[in-house]
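Each remark here refers to the structure printed beneath this line.
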Amino acid sequence: MKYFVIYSDNNSDHLKNFKTNNQHLTIDVTPVKAPVSNLALRDELITNNIITENNIYDLTTLAFTKTHLSLWQQAVETESPVTIFESNTITHKNFLEHQKKSLSLKTEYDLIIWGYNLNWNPCVEIMPCLPKIIYTFMGYGIEELEKPNNDLIDVSLYKNSDLKVVQTLKTLSFSGLGCYTISAKGAKQLLQKARSIGNETARSYQEEPHGSNFYVFNPVANRENTSFDIEINRHIEPLNTYMTIPMLAVIPTNP
C-alpha cells in the first residue's frame, strides 16, 4: 500500500507541519500538491466533466478534489489500495498498528475513514439487524454549527493516549477526507459515480427517529454539496464504507 499527503501548492508550511506532527509514522508518505494556485482550474474541471457549471466549490476545494481523484485513479491503475492524508491531519501514535488490525478485519472494504470532522453527526450501523444510529459528540450543543471544526480535541492528549479497542463500523454519513484508505475496487466505483459534480444534495439520515437524533441541533434532511466529502456521501450507501471509533487521526482547526 502507498501513502500520500495532499497539501496546497501555495503554502509549503502545511507540508512541514504534517511532517512535524506525524514523525511517528514509519512509512514513506509521498507529498502531492493540490493546484490551489491554478486560477483556470474550474474551467478545466468543467471541460473534463468533473464538475458542472452549477458546482459551488471554492478554488481550494476544487484543487483538493482533483488531487483526491487523481490518487484514486492511481489505486485503480496499480490495483492496490492507497492511504491518503490531508496536510492538517495528525495521526495517533499507534496509527499504523491499529490501521493494520482494522484492515485485516475488513478485507472486503471499499473505503475506511480513519479521521473525521466532529461538527457533523455521523450515521453508523452498530449491527445489521438494528436501526442505524446517529450520534453527537458531547460539547456541540445549540451552537454546534457555529463552532470551529474539531475545537474540542486536546491534540496532545489524543495523540499520546492508549487506545485499548478500536471499533470499525459501517458508516452511511460522515464529514471530512483528512485521513482514509480506499481500495482499488472502491476507487473504481467512486470514480464512476463522482462525475459531473454539481449541487445535488446528500442525504443526512437525520430524519430517521432512531439512536440519538434528539441531540441533533436543527436536523436537516439533506446536506448541501459544498465539498467533495459530501459528494462522496451521495454514493457510499451500497459500498463497504467504514469509520473507526475512536478515530485514528484528527483534523484540528489549527494543527
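Nothing fancy with the numbering, it's 1 onward along the sequence.
A pairwise comparison of heavy atoms in Gly198 and Asn54 identifies CA-OD1, 3.5 Å as the closest pair. A pairwise comparison of heavy atoms in Ser183 and Tyr109 identifies OG-O, 3.2 Å as the closest pair. Arg195 approaches Asn48 most closely through the heavy-atom pair NH2-O, 3.4 Å. Scanning both residues, Pro246 and Tyr116, for their nearest heavy atoms gives C-OH, 4.4 Å. The shortest non-hydrogen separation linking Gln99 to Leu248 is N-CD1, 3.8 Å. Contact detail for Pro35 and Thr67: the closest heavy-atom pair is CD-OG1, 3.6 Å.
If you chain together hydrophobic residues whose side chains sit under 4.5 Å apart, Val82 and Leu191 fall into the same group. Placement of Ile182 and Val76 within a single hydrophobic cluster is found when ILVMFWY residues are connected by side-chain heavy-atom separations under 4.5 Å, directly or transitively. In this structure, Leu39 is not a member of the same hydrophobic cluster as Ile56, with clusters built from ILVMFWY side-chain heavy atoms closer than 4.5 Å. Note on Ile6: it does not cluster hydrophobically with Val29, by side-chain heavy-atom contacts below 4.5 Å among ILVMFWY residues. Criterion: ILVMFWY side-chain heavy atoms under 4.5 Å apart, direct or through other members. Under it, Leu96 and Trp114 are part of a common hydrophobic cluster.
Glu86 is not listed as a side-chain neighbour of Cys179, based on a closest heavy-atom distance of 4.5 Å or more. Put simply, the side chain of Leu59 reaches to within 4.5 Å of the side chain of Leu41, judged on heavy atoms. In this structure the side chain of Asn55 never reaches within 4.5 angstrom of the side chain of Asn199, judged on heavy atoms. With contacts defined as side-chain heavy-atom distances shorter than 4.5 Å, the pair Val5/Val32 does not qualify.
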Quiz item: What's the verdict on ring-ring contact (aromatic ring centres under 6.0 Å, His included) for Trp72 and Phe4, showing C-alpha distance, side-chain angles and the deciding distance?
Solution: CA-CA 11 Å; Trp72 293 3; Phe4 300 91; over 10 Å; no

Exercise. Would you check, one step at a time, whether the test side chain to side chain contact (heavy atoms under 4.5 Å, CB included) holds for Leu69 with Ile50?
Key: CA-CA 9 Å; Leu69 289 170; Ile50 302 300; 3.7 Å; yes

Quiz item: Going through the distances and angles, do Phe174 and Ile236 end up as a side chain to side chain contact (heavy atoms under 4.5 Å, CB included)?
Solution: CA-CA 10 Å; Phe174 68 93; Ile236 62 172; 3.8 Å; yes

Practice problem: Apply ring-ring contact (aromatic ring centres under 6.0 Å, His included) to Phe18 and Phe85, showing your working. | Solution: CA-CA 9 Å; Phe18 176 84; Phe85 307 101; 5.4 Å; yes

Exercise. Would you check, one step at a time, whether the test side chain to side chain contact (heavy atoms under 4.5 Å, CB included) holds for Tyr180 with Ile112?
Key: CA-CA 6 Å; Tyr180 65 93; Ile112 299 187; over 6 Å; no

Practice problem: Verify side chain to side chain donor-acceptor pair (under 3.5 Å) between His235 and Gln189, making sure each step is shown before the conclusion. | Solution: CA-CA 9 Å; His235 309 295; Gln189 292 179 82; over 6 Å; no

Quiz item: Between Ser196 and Ile51, is a side chain to side chain contact (heavy atoms under 4.5 Å, CB included) present by the stated rule, with each step listed?
Solution: CA-CA 4 Å; Ser196 300; Ile51 64 171; over 6 Å; no

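With His24 contributing its side chain and Thr91 its backbone, the two residues share a donor-acceptor pair below 3.5 Å. Of the possible polar contacts, none joining the Tyr242 side chain to the Lys170 backbone as a donor-acceptor pair under 3.5 Å is found. For the pair Asp154 (side chain) and Leu157 (backbone), a donor-acceptor distance under 3.5 Å is present. Put simply, the side chain of Asp229 never gets that close to the backbone of Ser175: no donor and acceptor are under 3.5 Å apart. Formation of a donor-acceptor pair under 3.5 Å by the Asn21 side chain with backbone atoms of Thr89 is not found in this model. No donor-acceptor pair under 3.5 Å is formed between the side chain of Glu97 and the backbone N or O of Asn94. Checked by atom type and distance alone, the side chain of Asn225 never pairs as donor or acceptor with a backbone atom of Thr201 at under 3.5 Å. No donor-acceptor pair under 3.5 Å is formed between the side chain of Thr107 and the backbone N or O of Ser104.
The aromatic rings of Tyr158 and His92 sit perpendicular to each other, their planes meeting at more than 60°, with 30° as the lower class boundary.
If you take CZ on Phe95 and CD1 on Ile90, they are separated by 13.5 Å, rounding to the nearest 0.5 Å. Separating the CG atom in Asn240 from the NZ atom in Lys185 is a distance of 5.0 Å, to the nearest 0.5 Å. Here the NE2 atom belonging to His98 is positioned 9.0 Å from the NZ atom belonging to Lys93, to the nearest 0.5 angstrom. Taking CG of Leu172 as the reference point, atom CG of Leu239 lies at 10.0 Å (rounded to 0.5 Å). Expressed to the nearest 0.5 Å, how far CD of Gln74 lies from CD1 of Ile84 amounts to 9.0 Å. With rounding to the nearest 0.5 Å, the separation of CG in Leu62 from CZ in Arg42 is 4.5 Å.
No hydrogens or angles considered: a donor-acceptor pair under 3.5 Å links the side chains of Thr83 and Thr181. A donor-acceptor contact under 3.5 angstrom links the side chains of Asn233 and Arg223, judged on distance only. In this model, no donor atom of one side chain and acceptor atom of the other lie less than 3.5 Å apart for Gln167 and Thr244. Judged by distance alone, the side chains of Thr61 and Asp58 do bring a donor and an acceptor atom under 3.5 Å apart. Asn17 and His14 form no side-chain donor-acceptor contact under 3.5 Å, judged by distance and modelled atom types alone. Side-chain contact annotation: Ser204 with Asn222, donor-acceptor N/O pair under 3.5 Å absent.
Note on Lys193 versus Glu231: no salt bridge recorded, every NZ/NE/NH1/NH2 to OD/OE distance being 4.0 Å or above. Ion pair Asp28/Lys2 not flagged as a salt bridge, since none of the NZ, NE, NH1 or NH2 atoms sits closer than 4.0 Å to an Asp/Glu carboxylate oxygen.
For Glu53, the CD atom sits in a loose shell: 12 or fewer heavy atoms of surrounding residues, nucleotides or ligands are nearer than 6.0 Å. Heavy-atom neighbours of Lys33 NZ from other residues, nucleotides or ligands within 6.0 Å: at or below the threshold of 12. Crowding of Glu79 atom CD: a count of heavy atoms from other residues, nucleotides or ligands under 6.0 Å not exceeding 12.
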